[in-house]
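See below for the structure under consideration.
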Amino acid sequence: MANPNAHGAQHGHDSHGGGHSGSLKSYVIGFVLSIVLTVIPLVVVMNDMFSKQVNTLIILVMAILQFAVQLLFFMHIRDEEKPRFNLIALIFGLVIMLTIVAGSIWIMTYNAVAT
Amino acid sequence: MWDKIKEFSSEFFVTGDPLILGAQVSIALTLVAIIFTLSYFKKWRWLWTEWLTSVDHKKIGIMYIIASILMLFRGGVDALLMRVQLAAPELEFLNAEHYNAIFTTHGVIMILFMAMPLMFGLFNIVVPLQIGARDVAFPFLNSLSFWMFFFGAMLFNVSFVIGGSPDAGWLAYPPLSELSGSPGVGQDFYIWGIQISGIGSLATGINFVVTILKMRAPGMKLMKMPMFSWSVLSSCVTIMLAFPILTVTLFLLFLDRYLGAHFFTLDGGGNPMMYLNLIWMWGHPEVYIVILPAFGIFSEIVATFAKKKLFGYKSMVFALMSISFFSFFTWAHHFFTMGSGANVNAFFAVTTMIIAIPTGVKVFNWLFTMYRGKLSFPTPMLWTVAFIPCFIVGGMTGVMLSVAPADFQFHNSYFLIAHFHQVLIGGVVFGYFAGLYYWWPKMFGFKLHEGLGKWAFWFWNIGFYVCFMPQYALGFMGMTRRFNEYNFDMGWQPLNVVSTVGAFLMGIAFLFQVWQIAHSIKFLKMEKTGDSWNGRTLEWSIPSPAPHYNFARIPVVTSQDDFWEKKQRKLRGEKDAPEVIAAEQAPLEPIHMPKNSGIPFIMSLSWFVAGFGFVWDWKWMIFVGMGGVIACMLARSFTYDTDYYIPVDEVQRTEAAARGAH
Amino acid sequence: MLATALFLAMIAVISGCSSEQYIVLDPKGPIGQQQKDLIIITTLLCAVIIVPVLILTAVIVMRYRDRPGRKARYTPDWEHSTKLEVTWWTIPIVIIITLAVITAIYTYKLEPSKPLESAKEPITIEVTSLDWKWLFTYPDEDIATVNYIKFPEDTPVRFQLTSDKAMNSFWIPQLGGQLYTMSGMAMTLFLQADEPGIYYGSGANFNGEDFAQMTFDAEAVSDEEYQAWIQEVKGDSPALTLDGYEQLKKPGRSDVQLFSSFPEGLFQYIVTQYVEDGSGGAHAHHGQSGDSGQ
Amino acid sequence: MALLNKFLSGGKSQPLAAAHGQGGGQAAHGGHDAHGHDHHDQEGMKVFGFWLFLITDVILFGTLFATFVVLRLNTAGGPTGAELIEINGIIISTFILLTSSFTSGVALLEMNRGNKKGLITWLVITALLGASFIYLEVTEFIHLVHEGATIGTSAYWSSFFTLVGTHGLHVSIGLVWMVALIIQLARRGITDVTKRKVNVISLYWHFLDVIWIFVFTIVYLMGVM
Ligand code: HEA
Ligand code: HEA
Ligand SMILES: [Cu+2]
């Protein structure tokens, strides 16, 4: 490797997966948001604010938003160049992951053991 | 003291059976022979530096292929033993215990230690050459994958002579596979053997996805990529998403057995059906993982030997990708009879059938590639042409199985056995054989003897139909799988005898292949050209066997079937595009290559040690093994000196030698 | 080609069907009958496309061989035809849609826990798969059998399935398809025999060493014979005690056995034996299959 | 030398590179000039490979979550989660991990500014936060075991310990790795290779944070609800 840094400077776009870019501002925003999104479900659950279903829904939505915050502000998924292989892979993975969870729940409701 | 040793060894070694004694003796003899030969010819060093530590994808590919052929032999012998027993159960050739162990190891070995490594072998040999790259994305990881597979497979195989083989079926349903049902260590060998090799497979999946997406030669857009590489991509994406499920499932079973957890146990609230659900979420995609590359191979071969462009390229790509996608939505068709209700069954029946559509499209596209082509029939093409009828009939019986209410009658019967052997042998084995014959000259620089190859081909084919067609009928006669003996009133024997005859025909076919290889080596005739079949894709543009660095200059690609088009242009006297010429005439440069490394071998060996320790619950051994693994990881992390350059003059010399043969 | 010929030969052998050995295709009950119909319909539907493809393969391979004096066309660069591709996306889609509709209809129709239409009240037989034998208990008649069942013809039989140990699958091919027997769960399977006869039954899911010994006879007889048999069993056979059950449970094969009675609630006990708080709400969790079993 | 070469040939193949940017690494650099920068591409490729590894980890955790959700009611008459879990400690752990995700981001910013000292400092802070998370988790587990909930207690606890423990194991591996990385940074400074390694570990760290959010929501919050 003759001169790695020179190359690094020349091709600033090599951050295919990841967190090269981003500014302090975006990190701080992300951090604040993630705190808020953690406090909301806590408050909701600790005070038993709504019915069980509504509570569950709220905390799940908060978790998903939290995930989005991490992706956008910390993992910089937006900054990826085309073709967005990272994003495509992520979406595909999430779809399969959801299938695993939802499919298991669906199938296994009919085959629960006596408890 | 002596008693203790005796007691231990009677548990440790499988004893008291002539079959196994024979195996132990022959394994010991083989080992001695290997060690002797290597020492006598002073080849230890060569073995270590040239092969065991190699990170060269071509060598790794060859090692995969050798291992898988050995495993084909082992799995095949298992099959023949089963067939003997089933032809004449009254002879009690195998007792129940042995029979159960043998179909279990047959299934595991054939799918995980034969089909998978054969597939990885072909990936390794072909993909970098086909996309114009110098190696895979992560050569070190690639070597690690191979050794993880290898030591995993060894750990599994060792159970035959040490401790006892697993005998709970190839997917080891609990509670049978729990401690309550299988108290022996066989099941632990199963878990660790598959787990270790599974991690290797997962890594290979990631490696090839990155290789294909990021390392194509300039100009090779995705939609110009050869179909085999596409099929590898779809297969590897499926591996990436399916294998973690296997890892977790086996891990949970391990926790049940080792730490007394209650995931799938009878008591403590465990639910064995959750295991079925999880294992098939991996198991179903797995069968498509192995068939998709075969589809890719057929696509390459059909186009080459029809001397015609692959018909419907875009449809083919779309079909591949949709098969890998849909393969994740069909798993419940393996347990329609679990009683999950009509909604579940109807949903999964329909998703299963959907796969017939893209698969059918592929079949039609192959047929129309041949249509108006100019077909010649060397062995690779023979296998391809034999594949089509075999596979579509197997696919059709698959669709019959997917009709959920009908599956209540087919499930676990020989109809099912016939279905999956038809797609696995007619699809996967025929496909990989086709690929092996096709790319053999690229690997070794010479073709395999055609005449003997044709004998093998016909024996395999006829043997296949004689063996498995009667099994459909046996299914309709109510014969269930995994029976080691049966009631003679049922009238199953005649067809079973026929089936066994067929199995032996396939055995003979295998012997022909061994002979074929030996013969071709003995009367070695090296090819003068790198382009053995008048090929269409980049791998044929370089010498055979490919030089260490593959491409002296990375080619620039302008079209699908780039090499073929180039040859056509030459015939027509046209000129290549300027960027192609520029790339070809650019001065040679030092080539950047990864250095060999012993870490993958040592790390996988450490996994083997740790796995063995877990199997016997020897804490010190687990400790040593895991320590080794961690040490290897850290050693790797601190290694910065991982690559080197091949100087220009060496490249020049190699090229001259290879091209000089023209 | 070879494959085609063999395949057709196979169909011929099977559809010849004069032989009674093809028990799946020789059903003696409504469920088995419908499943057979379904098998035939779906086979034909698939064959409609597969057989032409087989023929097409043979024709193309023969016609476009590269041989001296060949007249067939050669178009090396012809690689696409929208019309053709649309055709072969469409045909399979149409067939699969048809198949899917038929399958869905039959799936609901043949849902195993769905009671059969009949003028007669169903009888109940509780089935427990053990290592390596079948235990059948008749809750209404209070008798029990091992590896053998008898029941009246023309009467729906409600099988309640469970397992004490590894899972298995309960299958009497001539009456209808199988269903898993699973510990901690009670599944319901309705079957019926339309005529008297002795039907082969087996365990279809591997459960260990002597798995192959888990075959049994299922005999359908007239009402009178059935009643007489019950009385006979009640008269001459020993009783199955809880101890006796523990003995029976031990791994091993067994001959046919008959018992004049069995501990009350044995089946419920087997299903709920791992429930710690003992309230035994086993069935409540099993959705449709369990509910109909109450 | 290599650099010069690159400029010379780079000029020629520029339009080509633009035309098929999707060829990935090599294509974007005018191909045949391998010297020097396939090494460089290697780093980008490794980050991509690592990203794919994270996707496989998503599936891995998805499977564990599926198992947990399916088995969550199977306590076999033993203690339930709601009875034994002390949510306060968990809340603290959650905020610790959230903060560490942020600090690992700051470390990355320092690296991009070329500030080696800042980078190491923030990595150390991140590692300390991670270590305290693990400490709290271990204390929690010990507490649970004392209360009579082990991995062998019931299906519920088996899946609880496996899911939470697997996350903990990931964090622990991350810690060892981070320490190894800090040593390398101290020795070698910020190079292409160490840069990639920091990028990768910060991705990993954010990812573990995401997983934890779901553990927190599904195992703990929904458990005590
Ligand atoms: C390479 C391996 C492979 C492949 C490719 C397939 C392909 C298919 N399989 Fe198979 N299968 C196995 C390996 C494979 N299978 C194994 C190993 C098992 C058993 C494991 C065990 O239990 O141990 C199994 C079991 C199995 C079952 C479970 C049965 C049971 O346990 O009761 C089912 C049920 O739906 C099924 C269905 C299918 C279908 C619908 C396809 C389809 O993908 C087939 C599609 C192809 C075609 C249909 C042919 C070409 C198409 C046309 C020419 C177009 C037109 C056709 C129509 C419209 C019909 N398979
Ligand atoms: C890729 C996968 C693959 C392949 C290639 C095969 C190949 C073969 N299989 Fe296998 N099979 C499975 C995957 C596969 N199988 C699986 C997954 C199962 C389910 C396991 C389970 O239920 O758990 C199964 C189960 C299975 C059964 C059912 C057992 C049972 O349920 O009781 C049978 C029975 O006939 C069988 C037969 C065969 C035969 C005859 C071959 C032949 O093709 C083999 C060809 C033979 C050779 C290649 C032999 C080479 C050896 C020699 C030449 C030595 C010469 C020595 C002498 C002549 C003595 N297989
Ligand atoms: Cu399947």
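Sequence lines set the chain letters: A, B, ... in the order given, protein chains first and strands last, and positions in each chain run from 1.
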- Contact class of B/F264 relative to chain C, heavy atoms under 4.5 angstrom: neither
- Can you list the steps and then say if C/E79 with B/Q560 is a side chain to side chain contact (heavy atoms under 4.5 Å, CB included)? CA-CA 12 Å; C/E79 54 159 346; B/Q560 236 176 64; 4.0 Å; yes
- Message: Could you tell me if C/W89 and B/S315 have a donor-acceptor pair between their side chains, going purely by distance under 3.5 Å?
- Response: yes
- Select one option (side chain, backbone, both, neither) describing which atoms of B/A404 are under 4.5 Å from chain C's heavy atoms. both
- Considering only heavy atoms and a distance below 4.5 Å, find which of B/Y486, B/Y313, B/W492 pairs most often with chain C. B/W492
- Query: Which region of B/A303, side chain (C-beta onward) or backbone (N, CA, C, O), has a non-hydrogen atom less than 4.5 Å from a non-hydrogen atom of chain C, or is it both or neither?
  - Reply: neither
- Task: Could you check if a side-chain atom of B/N100 sits within less than 4.5 angstrom of a side-chain atom of C/F206, using non-hydrogen atoms only?
- Result: yes
- Residues B/A342 and C/T107: closest non-hydrogen pair is O-CG2, 3.6 Å
- Query: For B/D167, is it the side chain, the backbone, both or neither that has a heavy atom under 4.5 Å from a heavy atom of chain C?
  - Reply: backbone
- Task: Look only at the side chain of B/E97 and the backbone of C/E209, and say whether a donor-acceptor pair between them is shorter than 3.5 Å.
- Result: no
- Looking at C/V24 and B/G475, what are the two nearest heavy atoms and their distance? CG2-O, 3.8 Å
- Find the distance between OG (C/S81) and CZ (B/F368) and round it off to the nearest 0.5 Å. 8.5 Å
- Query: Do C/V53 and B/L367 come within less than 4.5 Å of each other through their side chains, counting heavy atoms only?
  - Reply: yes
- Could you tell me whether the side chain of B/Q409 and the main chain of C/K36 form a donor-acceptor pair under 3.5 Å? no
- For the residue pair C/E111 and B/N345, establish whether any side-chain heavy-atom pair is separated by less than 4.5 Å. no
- Toward chain C, the part of B/N487 with a non-hydrogen atom under 4.5 Å: neither
- In terms of heavy-atom pairs under 4.5 Å, which option from B/W366, B/F410, B/Y99 contacts chain C the most? B/F410
- Task: Kindly give the heavy-atom pair with the smallest separation between B/M490 and C/I23, and that separation in Å.
- Result: CE-CD1, 4.0 Å
- Closest non-hydrogen atom pair, C/T103 against B/S402: CG2-O, 4.5 Å
- What option among C/G203, C/S163, C/A204 has the most heavy-atom pairs under 4.5 Å with chain B? C/A204
- Where is the tightest heavy-atom contact between C/M167 and B/P174, given as atom of each residue plus distance? SD-O, 4.5 Å
- Task: Would you please say whether a donor-acceptor pair under 3.5 Å links the side chains of C/Y180 and B/H411?
- Result: yes
- Query: Just by distance, with hydrogens left out, do B/Y173 and C/N207 show a side-chain donor and acceptor under 3.5 Å apart?
  - Reply: no
- Do C/W171 and B/S413 have side-chain heavy atoms sitting under 4.5 Å apart? yes
- Query: Can you check whether B/M396 reaches C/T43 side chain to side chain, under 4.5 Å on heavy atoms?
  - Reply: yes
- Shortest non-hydrogen contact from C/T75 toward B/K308: O-CE, 3.3 Å
- Message: Please check: side-chain N/O of C/Q178 versus main-chain N/O of B/F408, any donor-acceptor pairing under 3.5 Å?
- Response: yes
- Message: For the interface with chain C, which of B/V350, B/I392, B/V399 has the highest count of heavy-atom pairs at distances below 4.5 Å?
- Response: B/I392
- Taking C/Y74 for the side chain and B/K307 for the main chain, is one N or O donor matched with an acceptor at less than 3.5 Å? yes
- Comparing B/T369, B/L474, B/V403, B/V361 against chain C, the one with the most heavy-atom pairs below 4.5 Å turns out to be B/V361
- Task: For chain C, find which of B/M370, B/R481, B/M400, B/M338 contributes the most heavy-atom pairs closer than 4.5 angstrom.
- Result: B/M338
- Assert top hit (heavy-atom pairs under 4.5 Å, partner chain C, pool B/F347, B/Y371, B/F305) equals B/Y371
- B/K314 versus C/H80: any side-chain heavy-atom pair under 4.5 Å? no
- Answer yes or no: is there a side-chain heavy-atom contact under 4.5 Å between B/N365 and C/W88? yes
